[in-house]
Amino acid sequence: MSGRPRLVGVSLKMYFGHAQTLDWCSVVAGVSAEHHALRSGAAELFVIPGYLSVIGAVERLRGVAAVGAQDLATEDAGAFTGEVSGAELREVGCEVVEVGHAERRRLFGETPDVVRAKTTAALRNRLAPVLCIGEAEHGYAEVAAAECVAQLDDALAGAVGAGIVGRIIVAYEPHWAIGATEAASPAHIRAVCLRLRGHLDVLATRGLVDTSSAVIYGGSAGPGLLTTIGDAVDGVFLGRFAHDPAALSLVLDEVDGLDRAGSDLPR
Ligand SMILES: O=C[C@H](O)COP(=O)(O)O
């Protein structure tokens with residue numbers, strides 16, 4: 001392995017039922033256990049199923065992938081009907097948790113205040129937030145980059161104020177590229193992610209986030225993309241295009257390809 005591991009994440013959103021999710025996890029566990037990119041440490045995989053499948057996913061993916069949840073409560077315990085706390089997610093074996101996905105912001109009214117509180121809750125419970133940020137409308141990459149840096153700082157403000165430091169996985173997901181036919185252009189992704197990467201490095205130097213923090217891209221990502229943007233991102237966050245475990249395996253092949261080419265991550 002030539003440098004820091006590449007992150008390959010998958011969110012199953014609400015596409016699969018419970019049995020289908022567990023079957024998918026079993027197949028992915030088989031594929032992953034044999035895959036050179038994971039065995040060598042060149043890649044790290046994380047999988048985010050629906051809540052009810054989290055425990056089964058942890059059991060099936062032990063040793064090959066970290067498991068996470070798609071959301072968490074702002075609080076750790078109490079009278080919050082329908083919520084799931086970061087404390088409980090950690091207790092059952094989660095290592096990551098999504099915060100602020102565009103669908104939660106758009107469909108469920110999550111405001112920046114809520115995203116900030118959930119980011120703090122994740123870090124407080126030693127979960128790495130997969131902090132989803134991105135611009136709503138397609139425009140200039142430089143404008144998007146500035147907006148994303150502001151979103152990142154805002155989301156981290158609570159944790160920084162409380163002195164809670166941990167690993168942050170910044171998932172750059174332009175809203176307009178989610179559920180689309182293709183990802184944002186490599187030039188757009190590169191411009192935004194390199195800016196985010198530089199900002200994250202400054203935060204790490206100041207001791208405000210862990211040095212293992214990462215920037216990954218999501219939004220109609222699939223096989224072939226990581227090879228083209230590998231100079232600008234620490235990994236990819238997959239949705240629909242990882243429903244076929246063979247496609248996920250192809251993305252892991254790309255990690256191996258980047259590793260063999262000695263393509264170092266942005267620093
Ligand atoms: O969580 C994953 C992202 O929202 C991307 O999903 P998608 O690749 O299906 O557009």
Side-chain angles (χ1 to χ4, degrees), residues 6-17 20-21 24-25 28 43-51 53-54 57 61 65-72 89 94-110 115 118-119 122 127-138 144 147-148 151-152 155 168-186 188-189 192-193 196 214-229 233-252 254-255:
R6 303 276 181 173
L7 286 179
V8 177
V10 182
S11 168
L12 295 176
K13 303 198 181 189
M14 203 181 75
Y15 281 109
F16 295 172
Q20 192 180 1
T21 297
W24 182 93
C25 288
V28 166
E44 273 181 27
L45 180 63
F46 67 84
V47 170
I48 303 187
Y51 277 134
S53 305
V54 161
L61 293 166
V67 172
Q70 296 174 16
D71 189 24
L72 82 167
L89 292 174
C94 285
E95 296 176 61
V96 300
V97 65
E98 256 180 290
V99 175
H101 190 278
E103 287 149 14
R104 298 227 45 95
R105 295 181 195 247
R106 179 168 52 87
L107 301 172
F108 304 103
E110 282 200 1
V115 171
K118 289 184 174 182
T119 303
L127 296 163
V130 179
L131 178 60
C132 300
I133 59 177
E135 75 280 16
E137 304 293 335
H138 192 180
E147 182 179 342
C148 288
Q151 286 182 21
L152 171 58
I168 313 289
I169 301 170
V170 178
Y172 171 52
E173 298 211 331
H175 298 191
W176 47 270
I178 297 171
T181 49
E182 57 183 25
S185 72
H188 188 97
I189 296 170
V192 178
C193 288
L196 283 167
V215 177
I216 62 178
Y217 170 80
S220 304
L225 182 67
L226 183 58
T227 302
T228 68
I229 59 169
V233 300
D234 297 299
V236 284
F237 192 23
L238 305 164
R240 290 157 296 145
F241 299 134
H243 288 177
D244 177 358
L248 178 57
S249 188
L250 287 175
V251 176
L252 293 172
E254 290 182 71
V255 174

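Indexing begins at 1, ligand by ligand and atom by atom, following the structure's order. Keep in mind that what you see is a predicted model, and the values were worked out from it rather than measured.
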Going by the rule salt bridge (Lys or Arg N to Asp or Glu O under 4.0 Å), which residues pair with Arg104 if we only count those two or more places apart in sequence or in a different chain? Asp71, Glu110
Under the salt bridge (Lys or Arg N to Asp or Glu O under 4.0 Å) test, residues paired with Glu103 that sit two or more places apart: Lys13
Can you confirm whether the side chains of Gln70 and His101 place a donor and an acceptor under 3.5 Å from each other? no
How would you list, by chain and number, every residue that makes a side chain to side chain contact (heavy atoms under 4.5 Å, CB included) with Ala122, sequence neighbours excluded?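 Result, side chain to side chain contact (heavy atoms under 4.5 Å, CB included) vs Ala122: Leu72, Val97, Leu127, Pro129.
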Can you tell me how the ring of Tyr15 sits relative to the ring of His243, calling it parallel under 30°, perpendicular over 60° and tilted otherwise? perpendicular
Which atom pairs, nitrogen or oxygen on both sides, join ligand 1 and the protein at under 3.5 angstrom?
from, atom 1, to, atom 2, distance (Å)
ligand 1, 4 (O), Lys13, NZ, 2.8
ligand 1, 4 (O), His101, NE2, 2.7
ligand 1, 4 (O), Glu173, OE1, 3.0
ligand 1, 6 (O), Lys13, NZ, 3.3
ligand 1, 8 (O), Ser220, N, 3.1
ligand 1, 8 (O), Gly239, N, 3.4
ligand 1, 9 (O), Arg240, N, 3.0
ligand 1, 9 (O), Arg240, NE, 2.7
ligand 1, 10 (O), Gly179, N, 2.7
ligand 1, 10 (O), Ser220, N, 3.1
ligand 1, 10 (O), Arg240, NH2, 3.0

Over 12 non-hydrogen atoms of neighbours within 6.0 angstrom of CD in Gln20: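 Above 12, so yes.
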